[in-house]
Every structure is written in structure tokens, then in C-alpha cells.
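Throughout, residue positions are numbered sequentially from 1 according to the sequence presented. Small disclaimer: the values here were computed from a predicted structure and weren't measured. All ligand and atom numbering here is 1-based and tracks the order in the structure.
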Amino acid sequence: MDHFSYQNGELFVEQTSAQSICDQFGSPAYVYSERTLTENYRTFESAFAGINPLICFSIKSCSNLSVLKHLVSLGSGMDVVSGGELFRALKAGVSTDKIVFAGVGKSHDELRYAIESGVYLFNIESEPELERLAALAEEAGRTVKAAIRINPDISDAGTHAKTSTGGRHTKFGVPLERARVLFCSDLYPFVDITGIHIHLGSPIPSTETYLRAIDRVEALIDEVESQGAKIELLNIGGGYPAAYHTDNTVPQSISSIGEQISERLQRLRNKGKTFIIEPGRSISANSGILLTSVEYVKQGWDREITILNAGMNILLRPTLYNADHVIWPASCQGFNGHWSELISAQTETQCTDIVGPICETGDYFALGRQMPPMQSGDLIAVFSCGAYSMSMASQYNSRVRPAEVMVSGNDCRLIRQRESYEDLISHEYGLM
Ligand SMILES: *Cc1c(COP(=O)(O)O)cnc(C)c1O
């Protein structure tokens, strides 16, 4: 459970009211609950205790330095997918033996940077990438550790087509068929090919999907080890669910997912293998909300349209993935309770499209949504916005990216300044 609840009709983030946050820092703003981040991280530790994995938080889900630093203080490692994310991880102070580096397109510069930094593990996605890494490691005179990311051909992961990453039609990983020979190869003296990596998509609604992939990987390990290879570690990636609740369904708990996966991995654990998990969304999504304000409520031909001061440049998920977020006024008279219970709030509702100010038809957060009556100036909360939200924000339409705020109890702290118009042009050369 996260710490976004209504008390006497007012939304609170831990012990801080949403209205007071926006009075201080303006809107739109992303607001995170530090306590929720902590609890979600600890939930992973205990859920997977049976395999005692290295937990590497997926930076791309929520990249703010203060968020990363907090997770590092809890003991988290980091999963990075670019040189920029590696830079963030190092700035956040994570020790390099807790950094894993994935991504299909690692450049020469990114690989060199990671080799020099001494990251713990390269998750390799193709033969040409392995060759490039081998050459650069040799050049640097350093031996590096690699896991081969397997494409296990699991295409029915039950997630949106754009977030399914384990199917044979996707760009990710080395096809299982082709991967075998890599583990037995001695062509690359500076690369210790010691692990297997999978990441199937995000979010994965059924634990069965992980278990099926683990069975395939386990068979592969048996096979290549019988041919003389030595596999030390298995990285089972991320993709664990978060609560969005618009359809009133609660995802399987992380505790039960972790226990089932850990149980299935016991045979490998007994053979001395070590494990890595890369949760992103499941730690960050329910740790953040977006606070935004109503600019106008207008009447269209056949519908009411509510226009917010935040649009697809600030929260892309609804239009990119058809993502459904619970959206509700931060003030809801008489309601006491967690946001997930809003559906049962005794409020009169009406149908409206909830859209942003961007000049695109796809700029919406929800179409045809039942909402309490709203008017200009009302503060609105979009829930479950800690993952793939601010980290995807852009300046499209030359709109500034919003502020980010961290709440801890009744203390709130600006952790990213709202951008200014000067920021918009700060990298450009004018004609003068
Ligand atoms: C994005 C990503 C993750 C995190 O996925 P979540 O669904 O946010 O847990 C983990 N590993 C890799 C390689 C990724 O690309």
C-alpha cells in the first residue's frame, strides 16, 4: 500500500497536503512519497529473500537523482540502459559492483565509459555487441563480466505490444538458438561470459510467464554446462506489476510473485548460482503522482472536455500505451481513504474527456471518463505516476518540464526545479 490518501476530503501525500505542495511549488508537479519508495524496495528484499538477489533498480522508470540516492541509501543497485543513466547512477553514489548495463545499441563511447567505470555486468544483446565489447575491453586491458540476454521467444506475456520484450518478433536479446555457442566460445579472452539475462516486458501480469522463461533458461544452463561452459549468474530482469486500479483489479502481490519465482529458482541456487532482479515500475509507479490544474472546462459538439495544464509531453503513457490512470480532484468532500477506494466514493459524476494543452489529438489522459464536476483552478491528481512518467517528459510545444517534489512525512523538498523559458533554448545557437 502506498501513502496517498484522502483525509477529510483532502488528498495527502504522507502527512503533507497536496494543495500545500502546489501552493509552495506550483502545478503541474510530480510528487513522490519517500516512505512508499522505501517500503516498495523492502518488499522486494523480503519477497525474493529465498534467492538473495542483487536488486538493481531500473533507472529509466524514474530517473531523478534524489530518488536514486534514496534507493542507494537502502542498498539498491542500478540497472542502466545508456551512458546517461550510467552517469546518473555514478552521481547517485551507487557502488560500481552493483551496476548492470543493458540495451540493444550500446555505442563505442558508452561501452568505453562503462568499462572504465568498472560496472559489474554487461547484459549483451547481440554477437556484434559482444565483439565490440571484447575489442574495447582488450584495448583497456581489463576483463569484464557479461551476461547474454536471451530472447526466449515468449510473445504472449500479456502486456501491451509496445512493452512486450521477450517475443521472437522484438529487437531484444539473442535468439535462444543462437546463444548456445556463445557460452562455450573462447574467442573473447577479455570477456567472462558468465551469466544469462532475460527481461520479458513490462508489466507482466502473470508469474507463469516468468516461470516458463526460467524453465527454458534452466534447460539451456544444463545443456551448455554439460558442454563445459560455466554459468554463475541468472538475471531475471524486471516487469513486476504496479497498482493502477482503474478497472478495479488488484495485481498479484510482489510477495507472492517473489516467493513463486524464488521457489522455482531453488535448484539453481543449490547449484551455487547467484541472481539479479531489475525492478523499476513495481518500486516507483505507486511512489509518485502527478498534480495538475484545470485550465478550462468547455463544451464540444457532443461532449464535455476538461483541459488541464499538463499534457502528453508531461505524461505520455495514456496515448503511447493506452494506459489507464486513476484521475481525481485533490479535493473530494467527505471522502476518507486510499485513492484506490475512490471508485466507491459517494460522488455524483459526469462524463468528460480529460485532455492537455498540446496541439495533438492524441494529447489526452482519459476519454469519456466519469468524473465529479470540475472547474477552472481545481487541483487534480493523476495516480500511479512514479514510473515512465517524468522520465519520458519532453518539451514538445516548447512547454517546460514540471517540478518534482519529494515528500517525507510532513516535510517536502523540491528535487527538480520547474524549467524556465530560458531552459528551453539553452542549448541552441541563435542567429546573432
Ligand atoms: C525497463 C527494464 C527493466 C524494468 O522494467 P520494469 O517493468 O519497470 O520493472 C528491467 N530490465 C531491463 C533490461 C529493462 O529494459
Q) In terms of side-chain geometry, is the basic nitrogen of E39 or R35 positioned less than 4.0 Å from the acidic oxygen of its partner? A) yes
Q.
Less than 6.0 angstrom separating the ring centers of Y120 and F101, yes or no?
A. no
Q: Apply the test side-chain contact (heavy atoms from CB on, under 4.5 Å) to residues K98 and D79: give CA-CA distance (whole Å), side-chain angles for both, the deciding distance (0.1 Å), then the verdict.
A: CA-CA 8 Å; K98 289 183 178 178; D79 162 40; over 6 Å; no
Q.
Looking only at the side chains, is there a donor atom on one of E10 and S331 sitting less than 3.5 Å from an acceptor on the other?
A. yes
Q.
Would D79 count as a polar contact of ligand 1, with the cut-off being nitrogen or oxygen pairs under 3.5 Å?
A. yes
Q: Kindly indicate whether a cation-pi arrangement holds for K106 with F122, taking the cut-offs as under 6.0 Å to the six-membered ring centre and within 45° of the axis.
A: no
Q: With heavy atoms of S58 as the reference, note each atom of ligand 1 found under 4.0 Å away.
A: 1 (C), 2 (C), 3 (C), 4 (C)
Q: Output the list of atoms in ligand 1 that are nearer than 4.0 Å to some heavy atom of E278, sorted by atom number.
A: 3 (C), 4 (C), 9 (O), 10 (C), 11 (N), 12 (C), 13 (C)
(Q) Quick test: of every protein heavy atom, which one is nearest to atom 8 (O) of ligand 1, and how far off is it to 0.1 Å? (A) Y388 OH, 2.5 Å
Q: Answer side chain, backbone, both or neither: which part of P279 comes under 4.0 Å from ligand 1, heavy atoms only.
A: backbone
Q. Can you tell me if A387 has a non-hydrogen atom under 4.0 Å from ligand 1?
A. no
(Q) Regarding E232 and K145, does a basic nitrogen lie under 4.0 Å from an acidic carboxylate oxygen? (A) yes
Q) For atom 1 (C) of ligand 1, what is the nearest protein heavy atom, given as residue, atom name and distance? A) K60 NZ, 1.3 Å
Q) Is any N or O atom of R149, backbone or side chain, closer than 3.5 Å to an N or O atom of ligand 1? A) no
Q. Side chain, backbone, both or neither: which part of T165 comes within less than 4.0 Å of ligand 1 when only heavy atoms are counted?
A. neither
Q) G239: heavy atom below 4.0 Å from ligand 1, yes or no? A) yes
Q) Do the ring planes of Y244 and H325 sit parallel (below 30°), tilted (30 to 60°) or perpendicular (above 60°)? A) perpendicular
**Q.** Pair T306-T352, side-chain donor/acceptor within less than 3.5 Å
**A.** yes
Q) Counting from 1, what ligand 1 atoms have a heavy atom of G280 closer than 4.0 Å? A) 6 (P), 8 (O), 9 (O)
Q | Identity and separation of the nearest protein heavy atom to atom 7 (O) of ligand 1 | A | S202 OG, 2.4 Å
